[in-house]
There are 4 protein chains.
Amino acid sequence: MTDVARSPTRREALGIESRQRILAAATALMAERGYAGTSIAAVKKKSGLPSGSIYWHFENKEALLLSVIEQAAARWIEALPDTESLTGLPEERIQTFLNAAAQALEERPEFIRLILLISLERRDVDSTSLVPIRRARTLVRERLTTLFGGLLSSPDPKSKDSVARRFADFALMVADGAFIAHHLDRETTDLRAAFDLMRTALTVFLDENAAAASDV
Amino acid sequence: MTDVARSPTRREALGIESRQRILAAATALMAERGYAGTSIAAVKKKSGLPSGSIYWHFENKEALLLSVIEQAAARWIEALPDTESLTGLPEERIQTFLNAAAQALEERPEFIRLILLISLERRDVDSTSLVPIRRARTLVRERLTTLFGGLLSSPDPKSKDSVARRFADFALMVADGAFIAHHLDRETTDLRAAFDLMRTALTVFLDENAAAASDV
Amino acid sequence: MTDVARSPTRREALGIESRQRILAAATALMAERGYAGTSIAAVKKKSGLPSGSIYWHFENKEALLLSVIEQAAARWIEALPDTESLTGLPEERIQTFLNAAAQALEERPEFIRLILLISLERRDVDSTSLVPIRRARTLVRERLTTLFGGLLSSPDPKSKDSVARRFADFALMVADGAFIAHHLDRETTDLRAAFDLMRTALTVFLDENAAAASDV
Amino acid sequence: MTDVARSPTRREALGIESRQRILAAATALMAERGYAGTSIAAVKKKSGLPSGSIYWHFENKEALLLSVIEQAAARWIEALPDTESLTGLPEERIQTFLNAAAQALEERPEFIRLILLISLERRDVDSTSLVPIRRARTLVRERLTTLFGGLLSSPDPKSKDSVARRFADFALMVADGAFIAHHLDRETTDLRAAFDLMRTALTVFLDENAAAASDV
DNA sequence: TATGAATGAGCATTCATTCAT
DNA sequence: CATGAATGAATGCTCATTCAT
């Protein structure tokens, strides 16, 4: 008896849609005003579903937040290009990856906004909501580490990985910082220029690394 | 003996101290839990002063937030070294400045935390609280621009300023991003390493700029 | 069996009863102490229902006041006899009507008390609550005008209506004034005597009118 | 040793003026919004004097109300003509008196408004504030009784007084009712017409009384 | 005589949550 | 699966009043 994925009944499908509507409303509100600033009444109003339904689908407000973050984190990861799909010269691969990241930042700022806001707001209150956030960030860092590792030319795999990791951390920092700058000083900030500068920096690091490696 | 600027009476001095106690409590709480997450009851409990007194010193919660931010922004600026006090070679100056910035980040993280949290949380609610934040950031950016301008060697002052400004933006981004990384992935993040990487990047940019300038 | 106007479920019936309990408590309190003098806590205590329930049934205190007034106005009108039901000689009809009015005043003074108090207290604050009051008074004035119109004997319908209207205004004034006298100087005031005097006055007016009409 | 009314010192005069300013502000506010609807903060704002000063001049809010009412009642009585000053035929005397009353109603509605509002609002809370109100009304009723008594021609002084008293009560009722009508249905109410009607009624009563007296 | 600062009880209202249907 | 009614704790804020100066 195989576990055949039976298609949901009409009733179930309706339930799934309701859940999704609540999740979408909560995501938008929490990304805008934070967790404490988002009332169940506001979610009810925005989703169009009665508050009772919200508590049918989610145990409580905390659980709703967790689902919101999990979904947002999953989508954030989906938006980033897979490192394996990148080809060409090192500089080209970096360029492609950073372009994709900058584009994701510009087009779907709500996810990063949500992640940053919640992680700042909830750190000392309840850290369970930070788990999926950390998991997602770790995944992104690993992807970046893999990318840089593939571009470095050190003979020592251990030091290579360490250098790649440092580059990855640096890239993530610039991305976060760029988002905040874009968010806070939108008029005076040129997001693309910042990513260009980062690309230059990373390319230079790579070149230095290549030179150091050939010295050996 | 003219009656200029009479010193405050005992009662007035007490009032000033009360105000300061409320402000300190509110700053700590809002930096930790955000604006919406900080209740007046919590401020009352933490400051030890009755809620009526809070409303005697501040018109409402919004006004309290504004005062909190203004004080935090002022202290944040005070903590940063003045560019004029920096001496030595370009690399040394950058190093000194970044060291001071990293130290401020490590020792007094609450101010940046507050600034980032509030600017994310309140953006779409009420932007008046963002005014002192933007003012402080602009001041820091200008200080950085001056620093880099003094180290660049372009003959064209206009392009020099433009380059210095881009470097300043970049540095601020890395600083913000570093704070977030430090905050979110404390175990896996090496703040000093990130600032070292930024220093390297900036030094390389400067060298490239020097080379480009001598080409002319 | 069509599904028209289904009877309320047990829960719904309970809700209606709750609403009615709140309304009754608020009516009694507001008629006694006015709008500003009636706290939600007092309504909660008197009705026995939690404050949250009050806000479930009424949007806010203002809306509760409006409902209170609407209900009171409706009952006030119900208490007054319909002019069409009056028979007999003019003097008898007037007597019957005034008796009913005096009785209503004595038995259910709360409604007039509420109407007078609120209309004095809220005039310059928010006049929406005066709308149902004005509507009710207009209806009473029209009923009185009809009554007097039926008793007058002027050949000119226009002047007849104008005279009837003046009599109606006058009767309403004496009724209001009688209530206040009854309220303020209860010991020294004889409500029935006042209504008797009014009846005499109105009868005399009618006679004068008849004489004037026959002169033509 | 006569009780020479020494003129107040400058300091005292200032105090009297402050007291008067507070009283004026409180009168206006309480006549508009009632006692419960008038906060000390509002009196402070309207009078321009600090709340501490209000409590220096008046023991508490209740005492302030009492002073407000006493002053208002005194002025209300002052505004009415003395019955002894009235001369001429009975009808003329009534006309003069009612004209003065109607004028007072139109020109200084705040006093009646205050008296009616407070007496409705405070009846069941604290009746001490009703004492000066009752005293003032009694005085007015007596003045009216004297006026009518002088116009009546009954040989029996006891019955004469009783009739005069009934007329006085009736006149007061119409006056109060006229004020309310003027207040509530200003557009549709003709205050002068109502007073004219009352005058007619009173004159008729007097004539009837004269006829009845001569019958004896 | 006057007053600005303070106080805690009380205010109207919203909150997250429960539950009978 | 869904929902409208209910609940009482907690919210931001105003209140009448006190008191050192």
Side-chain angles (χ1 to χ4, degrees), chain A residues 8-19 36 38-44 49-62 64, chain B residues 8-19 36 38-44 49-64, chain C residues 8-19 36 38-44 49-62 64, chain D residues 9-19 36 38-44 49-62 64:
Chain A
T9 65
R10 227 164 311 153
R11 229 177 139 69
E12 282 171 335
L14 237 129
I16 290 167
E17 206 215 303
S18 287
R19 200 191 130 95
T38 299
S39 70
I40 294 293
V43 176
K44 162 196 147 105
L49 289 158
S51 54
S53 292
I54 299 171
Y55 280 87
W56 196 91
H57 286 288
F58 305 93
E59 202 193 335
N60 52 28
K61 202 186 161 187
E62 205 86 33
L64 172 59
Chain B
T9 65
R10 221 168 316 156
R11 223 176 139 72
E12 280 172 336
L14 232 115
I16 290 166
E17 206 215 301
S18 288
R19 201 192 130 95
T38 300
S39 71
I40 293 294
V43 176
K44 161 197 147 104
L49 288 157
S51 57
S53 293
I54 298 172
Y55 282 90
W56 168 258
H57 289 288
F58 304 92
E59 206 191 331
N60 50 31
K61 202 184 160 187
E62 204 90 34
L64 173 58
Chain C
T9 65
R10 220 168 315 155
R11 223 176 140 74
E12 280 172 335
L14 231 115
I16 290 166
E17 206 214 302
S18 289
R19 201 192 128 97
T38 300
S39 71
I40 293 295
V43 176
K44 161 197 147 102
L49 288 157
S51 56
S53 293
I54 298 172
Y55 282 89
W56 168 256
H57 289 288
F58 304 92
E59 205 191 332
N60 50 30
K61 201 184 160 186
E62 204 90 33
L64 173 58
Chain D
T9 64
R10 226 164 312 153
R11 231 176 135 72
E12 281 172 336
L14 237 130
I16 289 166
E17 207 215 303
S18 287
R19 201 191 129 92
T38 299
S39 69
I40 294 294
V43 176
K44 162 196 146 106
L49 288 158
S51 54
S53 293
I54 298 171
Y55 279 88
W56 195 91
H57 287 288
F58 305 93
E59 202 193 335
N60 52 29
K61 201 185 162 187
E62 206 87 33
L64 173 58

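Keep in mind the model is a prediction, meaning the values are calculated, not measured. We name chains A, B, ... by the order of the sequence lines, and we start the count at 1 in each one.
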Under-4.0 Å side-chain N/O to phosphate OP1/OP2 contact, [X] with [N]:
X: D:His57; N: E:dT1; result: no
X: D:Trp56; N: E:dA2; result: no
X: C:Ser18; N: F:dA6; result: yes
X: B:Ser53; N: E:dT7; result: yes

Rounded to whole Å, how long is the line connecting atom [atom1] of [X] with atom [atom2] of [N]?
X: C:Ile16; N: F:dA6; atom1: CD1; atom2: C1'; result: 15 Å
X: C:Ile54; N: F:dG8; atom1: CD1; atom2: P; result: 12 Å
X: D:Leu49; N: E:dT1; atom1: CG; atom2: P; result: 15 Å
X: D:Lys44; N: E:dG4; atom1: NZ; atom2: P; result: 7 Å

Can you tell me how far apart OH (D:Tyr55) and NZ (D:Lys61) are? Round to the nearest 0.5 Å.
8.0 Å

When rounded to the nearest 0.5 angstrom, what distance separates CZ in D:Phe58 from OG in D:Ser53?
11.0 Å

Spell out, as yes or no, whether a donor-acceptor pair under 3.5 Å connects the side chain of A:Lys44 to the backbone of A:Ile54.
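Here the side-chain-to-backbone pair does not exist.
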
All heavy atoms of B:Ser51 vs all of B:Ile40, minimum pair found to be CB-CG2, 4.2 Å

So, for D:Ser18 and D:His57, which heavy atoms are closest and what is the spacing to 0.1 Å?
CB-NE2, 3.6 Å

Can you give the dot-bracket line for DNA chain F, where a pair is Watson-Crick or G-U wobble with both atom distances under 3.5 Å, crossing pairs use [ ], and | marks a partner on another strand?
.||||||||||||||||||||

With B for base contact, S for sugar-phosphate-only contact and - for none (protein heavy atoms under 4.0 Å), nucleotides 9-14 of chain E reads B-SSBB

I want to check something: taking the side chain as every heavy atom from C-beta on, are B:Arg19 and B:Trp56 in contact at a cut-off of under 4.5 Å?
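Not in contact.
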
